[in-house]
Amino acid sequence: MDFTNNLIKNDQSLKDALNQLNKVPDSLTLFVLDQSNSLIGTLTDGDIRRALLSDVKSDQTLSHFMNKTFKYLSSKDSNLDKIREYRSKGVKLLPWLDSEMKILKVIDISKKRSLLPLDAIIMAGGIGSRLRPQ
């Protein structure tokens, strides 16, 4: 999944975030990065609505109203129960992060049914009669 349109820097404004959200109409989620490209927060259309209702100025940076307690998977911990929990809470996009909080990939768990760590699939069938010794 290409998630480059979902990325935004934390020093950008509310207006910049609204323009960026128009580029991702399906997910309506942005991943807020710091200067070293580490994930420091998320931003949804709901976060922006709440910011506007609390009189946040349109030129304020995203750091003032982004969600800093976001859900993610780490490269060490890809627990299936955690994915089920996030899906049940309505999380659509789930970032997979390395130890430096850099995004490795983004998974759309609303569409993806399985996240098995497979490098290969072996398809087998039949009774194996050709594999018997002669």
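The shortest side-chain heavy-atom distance between V24 and L30 falls under the 4.5 Å cut-off. A 4.5 Å side-chain heavy-atom check between L33 and N10 finds every atom pair outside the cut-off. At a threshold of 4.5 Å between non-hydrogen side-chain atoms, the residues L93 and N6 count as touching. Taking 4.5 Å as the limit, some side-chain heavy atom of I48 sits within range of a side-chain heavy atom of L21. Looking only at side-chain heavy atoms (C-beta outward), V56 and H64 stay at 4.5 Å or farther from each other. Between T29 and V106 the shortest side-chain heavy-atom distance does not fall below 4.5 Å. Proximity of D59 to L14: side-chain heavy atoms (C-beta onward) are nowhere separated by under 4.5 Å.
By the ring-ring contact (aromatic ring centres under 6.0 Å, His included) test, F70 is found to be paired with Y72, residues two or more places apart in sequence or in another chain being considered. Contacts of E85 classified as side-chain contact (heavy atoms from CB on, under 4.5 Å), with partners at least two apart in sequence or in another chain: K89.
Among pairs with a residue in residues 41-52, those fulfilling salt bridge (Lys or Arg N to Asp or Glu O under 4.0 Å) read D45-R49, D47-R50, at least two apart in sequence or across chains.
Between the side chains of T69 and N67, at least one donor N or O sits under 3.5 Å from an acceptor N or O. A side-chain donor-acceptor contact under 3.5 Å links N37 and K9.
A donor-acceptor pair is defined here as one N or O able to donate and one able to accept, closer than 3.5 Å; no such pair exists between the side chain of D98 and the backbone of S74. The backbone N or O of E100 lies less than 3.5 Å from a partner atom in the side chain of S38, making a donor-acceptor pair. Not a single donor-acceptor pair under 3.5 Å links the side chain of Q12 to the backbone N or O of T61.
Residues Q60 and F65 approach most closely at O-CE2, 4.1 Å, considering heavy atoms. Here the closest non-hydrogen pair linking L62 and S13 is CD2-O, 3.5 Å. Considering every non-hydrogen atom in both Q20 and I8, the closest pair reads CB-CD1, 4.2 Å. Heavy-atom minimum distance, M66 versus L43: CA-CD1, 4.0 Å.
Cluster annotation: L7 is not connected to I40 through the hydrophobic network of ILVMFWY side chains, with a link wherever side-chain heavy atoms come within less than 4.5 Å. Follow the hydrophobic side-chain contacts under 4.5 Å out from W96 and you reach V91 in the same cluster. Residues L104 and Y86 share a single hydrophobic cluster, defined by chaining ILVMFWY side chains whose heavy atoms lie under 4.5 Å apart.
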* Decide side chain to side chain contact (heavy atoms under 4.5 Å, CB included) for L94 and L73; before the verdict, give the C-alpha distance in whole Å, the side-chain angles of both, and the deciding distance to 0.1 Å. => CA-CA 7 Å; L94 194 58; L73 293 175; 3.6 Å; yes
* Begin with the C-alpha distance, continue with both residues' side-chain angles, and end with the deciding distance and a verdict on side chain to side chain contact (heavy atoms under 4.5 Å, CB included) for T42 and K71. => CA-CA 9 Å; T42 60; K71 310 287 188 236; over 6 Å; no
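Once rounded to the nearest 0.5 Å, the distance linking CE of M101 with CD1 of I103 reads 9.0 Å. Between the CD1 atom of I107 and the CD1 atom of I83 there is a distance of 6.0 Å, given to the nearest 0.5 Å.
Counted within 6.0 Å of NZ on K102, heavy atoms from surrounding residues, nucleotides or ligands total more than 12; the atom is thus considered enclosed.
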